[in-house]
Amino acid sequence: MDHEVRITFRLPADLHAWLVAEAKRAHRSLNSEILHRLEAGRGDISADKESP
């Protein structure tokens, strides 16, 4: 990433817990998990490719 922007947003507690569990399962930080899913959703990467 050439430029990063810090944001704050609210998530339902159950979605947060699910994302934390998925991040742990994939051996990623929560931030990396969210980035991975956003990038996969916009078509930049395949969900099967190596994580950031």
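Model, not experiment: these values are computed from the prediction.
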Exercise. With side chains defined as the heavy atoms from C-beta onward, is the minimum distance between E33 and V20 less than 4.5 Å?
Worked result: no
Problem set entry | Partner residues of R25 under the salt bridge (charged side-chain N to carboxylate O under 4.0 Å, His left out) criterion, sequence neighbours left out | E22
For this session: State the CD1-CG distance between I34 and L38, to the nearest 0.5 angstrom.
Result: 7.5 Å
For this session: May I have the step-by-step check of side chain to side chain contact (heavy atoms under 4.5 Å, CB included) for L30 and H16, ending in yes or no?
Result: CA-CA 9 Å; L30 177 58; H16 178 265; 3.7 Å; yes
For this session: Taking all non-hydrogen atoms of both residues into account, name the closest pair between S29 and A23 and its distance.
Result: O-CB, 3.7 Å
Exercise. How far apart are the C-alpha atoms of R28 and L35, what are their side-chain angles, what is the distance that settles it, and do they pass the side chain to side chain contact (heavy atoms under 4.5 Å, CB included) test?
Worked result: CA-CA 10 Å; R28 288 192 272 262; L35 287 174; over 6 Å; no
